[in-house]
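Structure, as structure tokens:
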Amino acid sequence: MADISLITANKVEVVESIEQMTLPAAEAITAGMPVRLDTSSGKFTAANGTGAAEARIYGIATKTVAAGMPVTAIRQGVMDGFDLSGLNYDAAVYLSATDGRLADANRTVNVAVGRVIPGTSVTLGTAFDKFLHVDL
């Protein structure tokens, strides 16, 4: 059971966005962070799997921003930039117990964020890329 990091710090690529929302950040948000709606301010804040209130994830942040700046979160879509090399295709990705992180196994509150899918636009004869299909 390990947290999933980004391949390149502070950078994710949105391959496909089906559902997303842009709101101000209640705190500093880093690209790739799972975020939830702060119920008192209506802004995005980091989510984690330690309890029901913290685990109400809306989506995954697409960029790094300071508190008060707008950030878009993908609720349903495909994202690249996560280190999914240790996971099989179709493996579930979960909300981590660490604030603002994803994990390869469920935590206190079991919240599946998405699955690992193949990215097939690679050179013939090489292994497919691994993308995160976010489906909340």
Side-chain angles (χ1 to χ4, degrees):
M1 296 189 302
D3 284 350
I4 295 171
S5 60
L6 292 176
I7 294 169
T8 306
N10 299 322
K11 184 178 179 188
V12 294
E13 181 182 342
V14 178
V15 177
E16 179 180 23
S17 175
I18 298 167
E19 184 179 355
Q20 67 184 35
M21 182 168 38
T22 303
L23 292 173
E27 62 183 326
I29 300 288
T30 303
M33 269 189 167
V35 294
R36 63 181 174 85
L37 293 172
D38 182 306
T39 57
S40 61
S41 70
K43 298 177 181 180
F44 279 138
T45 190
N48 67 63
T50 59
E54 290 285 331
R56 293 179 347 276
I57 180 174
Y58 174 83
I60 307 296
T62 60
K63 66 180 182 177
T64 299
V65 297
M69 298 303 294
V71 63
T72 300
I74 303 296
R75 185 168 182 83
Q76 186 177 18
V78 178
M79 301 180 86
D80 185 19
F82 295 97
D83 183 1
L84 303 171
S85 60
L87 298 174
N88 291 329
Y89 297 109
D90 203 37
V93 173
Y94 298 92
L95 187 58
S96 172
T98 305
D99 206 32
R101 299 295 299 266
L102 299 174
D104 61 3
N106 62 352
R107 299 299 194 241
T108 306
V109 178
N110 185 8
V111 179
V113 172
R115 302 193 87 69
V116 178
I117 63 170
T120 58
S121 62
V122 295
T123 304
L124 187 62
T126 60
F128 295 142
D129 290 334
K130 291 183 177 180
F131 294 152
L132 174 62
H133 177 249
V134 180
D135 191 11
L136 295 164

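All figures in this text were calculated on a predicted structure; none of them were measured in a lab.
Between the side chain of Arg115 and the backbone N or O of Asp90 there is at least one donor-acceptor pair closer than 3.5 Å. Put simply, the side chain of Asp104 gets close to the backbone of Ala2: a donor and an acceptor are under 3.5 Å apart. Proximity of a side-chain donor or acceptor of Tyr89 to a complementary backbone N or O of Phe128 within less than 3.5 Å is detected. Of the possible polar contacts, one joining the Asp83 side chain to the Ser85 backbone as a donor-acceptor pair under 3.5 Å is found. Here the side chain of Thr30 pairs no donor or acceptor atom with the backbone of Asn10 at under 3.5 angstrom.
Using a 4.5 Å heavy-atom threshold, the side chains of Ile60 and Phe82 count as touching. Side-chain contact between Leu102 and Ser96 is absent, with no heavy-atom pair separated by less than 4.5 Å. Two residues are said to be in side-chain contact when any heavy atoms from C-beta on lie closer than 4.5 Å; Tyr58 and Leu136 fail this criterion. The closest side-chain heavy-atom distance from Leu23 to Lys43 is not below 4.5 Å. Residues Val71 and Val35 form no side-chain contact, since every pair of their non-hydrogen atoms from C-beta on lies 4.5 Å or further apart. For the pair Leu132/Leu84, a side-chain contact is recorded, criterion being any heavy-atom separation below 4.5 Å from C-beta on. In this structure, Arg75 and Val134 have side chains that are not in contact, with every pair of non-hydrogen atoms separated by 4.5 Å or more. Counting heavy atoms from C-beta outward, Met79 and Thr62 have side chains that approach closer than 4.5 Å.
Distance check: Lys63 NZ to Lys11 NZ gives 15.0 Å after rounding to the nearest 0.5 Å. Interatomic distance, CD of Glu16 versus CG of Asp80, reported as 13.5 Å (0.5 Å rounding). Here Ile74 contributes atom CD1 and Asp135 contributes atom CG; the two are 12.5 Å apart, rounded to the nearest 0.5 Å. Residue Ile57 holds its CD1 atom at 11.0 Å from CG of Leu37, rounded to the nearest 0.5 Å. Residue Arg36 holds its CZ atom at 10.0 Å from CG of Leu95, rounded to the nearest 0.5 Å. Distance check: Arg101 CZ to Ile4 CD1 gives 9.0 Å after rounding to the nearest 0.5 Å.
Across all non-hydrogen atoms, the minimal contact from Pro70 to Thr22 is CB-CG2, 4.0 Å. Here the closest non-hydrogen pair linking Asp38 and Ala26 is OD2-CB, 4.5 Å. The two residues Gly49 and Ala55 have their closest heavy-atom pair at CA-CB, 4.3 Å.
Under the 4.5 Å side-chain heavy-atom criterion for grouping Ile, Leu, Val, Met, Phe, Trp and Tyr, Ile29 is connected to Met69 within one hydrophobic cluster. Cluster membership check: Val109 does not share its hydrophobic cluster with Met33, using side-chain heavy-atom separations under 4.5 Å among Ile, Leu, Val, Met, Phe, Trp and Tyr. Transitive grouping of hydrophobic side chains (ILVMFWY, heavy atoms separated by less than 4.5 Å) brings Val116 and Val14 into a common cluster. When hydrophobic clusters are built by joining Ile, Leu, Val, Met, Phe, Trp and Tyr residues whose side-chain heavy atoms come closer than 4.5 Å, directly or via intermediates, Leu6 is grouped together with Val93.
Within 6.0 Å of CE in Met21 there are more than 12 heavy atoms belonging to other residues, nucleotides or ligands.
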